[in-house]
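Below is one structure, written out as C-alpha cells; comments come after it.
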Amino acid sequence: GTPDISESPLHPRRKSRRIMVGPVPVGGGAPISVQSMTNTPTVDVNATLRQIGELAQAGCDIVRVAVPSQDDADALPAIVAKSPLPVIADIHFQSKYVFQAIDAGCAAVRVNPGNIRKFDEVGPSICKAATDAGISLRIGVNAGSLDKELYAKYGGPTPEALVASALKEARMFEDVGFHDFKISVKHHDPVTMVQTYRLLASKGDWPLHLGVTEAGPAWQGTIKSCLAFGALLAEGIGDTIRVSLSAPPVEEVKVGCKILEYLGLRQRHFDIISCPSCGRAQVDVIELAKQVTDGLKDIKAPIRVAVMGCIVNGPGEAREADLGVASGNGKGQIFIKGKVIETVPEDRIVPTLLEHAHEIADRLERENAAN
Ligand code: SF4
C-alpha cells in the first residue's frame, strides 16, 4: 500500500504543516496515511512484529503500540529494529516511558497531556528530547480524559471543550519552540467528532490525525468511520487516519485503505461492481459476488470486476468494468470492457472470471513494472 495521491478530487486539501513520522510525511500536502494499533501485548515482541507485518501487507503506513508497563517500554528497541513500519509509542500516565520510547528509536510518541502526571513540568523536557532525537509527537485529546476544569466550563466534552484542551496543549509545545506535532481530538459520536475537527482545523495549521474513538464492532465502527472521515476528507480536512474497531487491527487497515481509495485519495486496488439483484436475476448474485470478491481479494492491480444478475443491464451497465459477467439461462456472458468474449455454463462463471482477472492483473503489473 503505497499512498500515492496527494490531491483530493472533491475539495482542495486544508493547508497544514508537515511533520515526519519516520520516513512517512504527514501534512503539508502529503498523501493521507493509514494507521492502526497492535493489540498484542507489546512485551511479546514476536507476536507484535508478526501483527505489524500483517498490517503492512494490508496497506498500513504507520503502526502504534501501547506502552502500559516497564516491560513494554523495554520491548520497544527490539520492535523498532525489526518493524517494517514506523512505530509510534502510545503513552498514558507515565512520562518516563516517553523518554524511553524516544531512546528506543520510535518514529513518534503519542502523549495524552490530559493524563500525564505533572505535564506542565515535564512537557518542555519531552519536547527537548523529541527535538534532539528528530522525532515528532502526537497530542491526543480524548473525550474521556478531558481536563476537569474544561469539562466543568463547557458542561461536558463538547467540540469547544475538546478544542480548548487541544489548543492549550498545542500552545504549551509551541511556547517552548516545538512544532513537530499533530493533533487528534477524538470522540465516539461522528457528529461531535466532525464538529470538533472542523473547529480545530480553523484554529491553526497542525496536521490532523482523524479518529472516531471507541467506534464499536466492525459493522457499526466502519459506518461511523466512513461517515465522519468522509465528511471531513470531503472538506479537505485530515492528514492521517485511524479507524478504531473492536475487531482485529488488520480490519481497521482494510477499512481505512478503502475509505481513501473510494474518495480518490489512494490508488485503487481490486474493486467489485455488482448489482443488488432483483426479480429478473437468473443467478444467485449475492453468492456470486461473494465468491468473486473472496477469490480476488489479494489482487494488487487496480482492476474492476462486474457481476450482473441478468443480461438486461449486463455488459452495458458495467462497461466501465475491466471484466464482468452477466448471467441468464443457466449461462454467464463473460465480457471485457463491455464486449462479450465468451459464454460459459453457470458453474464455470467464477473460475473463468478469476482466470481472466488474474491475467489482466498480471499484465497491468508487468506494464507497471516496465514503466
Ligand atoms: Fe436486476 Fe438484472 Fe439489474 Fe441485477 S442487472 S438488478 S438482476 S435488472
Side-chain angles (χ1 to χ4, degrees), residues 9-10 58-59 190 216-231 233-234 243 245 247 251 254-365 367:
L10 291 171
W219 191 73
Q220 290 87 340
T222 298
I223 295 173
K224 288 183 200 172
S225 303
C226 290
L227 289 172
F229 295 4
L233 292 170
V243 173
L245 302 176
E251 300 302 321
K254 289 185 195 162
V255 173
C257 291
K258 281 295 171 200
I259 291 176
L260 295 183
E261 286 181 30
Y262 290 142
L263 284 171
L265 287 160
R266 180 173 282 219
Q267 169 82 53
R268 280 201 186 192
H269 288 168
F270 159 65
D271 191 18
I272 185 148
I273 301 170
S274 57
C275 83
S277 85
C278 70
R280 239 172 260 122
Q282 297 181 357
V283 69
D284 184 350
V285 177
I286 300 174
E287 183 54 31
L288 204 56
K290 188 181 169 299
Q291 288 179 12
V292 171
T293 310
D294 285 350
L296 296 178
K297 64 180 190 304
D298 294 325
I299 277 201
K300 293 275 183 258
I303 68 166
R304 275 197 189 139
V305 179
V307 174
M308 312 299 275
C310 75
I311 47 176
V312 175
N313 290 330
E317 187 102 324
R319 201 165 286 138
E320 282 186 28
D322 295 289
L323 169 69
V325 62
S327 307
N329 255 344
K331 298 194 187 86
Q333 290 186 333
I334 308 289
F335 53 89
I336 288 186
K337 298 271 181 201
K339 288 220 171 60
V340 178
I341 53 151
E342 62 179 308
T343 302
V344 297
E346 204 170 302
D347 62 345
R348 293 291 308 150
I349 293 177
V350 173
T352 310
L353 272 183
L354 296 187
E355 221 171 86
H356 284 294
H358 280 110
E359 252 166 49
I360 298 173
D362 288 349
R363 179 167 46 76
L364 288 174
E365 263 163 32
E367 283 170 12

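Remember, it's 1-based here, ligands and their atoms both numbered in the order they're listed. Scope of the values below: all heavy atoms of this structure, side chains included, with no hydrogens, waters or symmetry mates.
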Atom 4 (Fe) of ligand 1 contact by Cys310, N, O or S atom under 2.8 Å: no
Under 4.0 Å to a heavy atom of Cys275 - the qualifying atoms of ligand 1, by number: 4 (Fe), 5 (S), 6 (S)
Thr222 side chain near Leu245 side chain, heavy-atom distance below 4.5 Å: yes
Geometric cation-pi criterion Lys258 and Tyr262, 6.0 Å radius, 45° cone: yes
Residues Glu359, Arg363; criterion salt bridge (Lys or Arg N to Asp or Glu O under 4.0 Å); working and verdict: CA-CA 6 Å; Glu359 252 166 49; Arg363 179 167 46 76; over 6 Å; no
Check: Met308 and Val325 side chains under 4.5 Å, non-hydrogen atoms: no
Numbering as shown, the atoms of ligand 1 that approach Gly309 to under 4.0 Å (heavy-atom distance): 4 (Fe), 5 (S), 7 (S)
Heavy-atom side-chain proximity of Thr343 to Ile334 below 4.5 angstrom: no
Sub-4.0 Å atoms of ligand 1 with respect to non-hydrogen atoms of Ala281: 7 (S)
Cys278 contact mode with ligand 1 (heavy-atom cut-off under 4.0 Å): both
Atoms in ligand 1 with a heavy atom of Arg280 nearer than 4.0 Å: 8 (S)
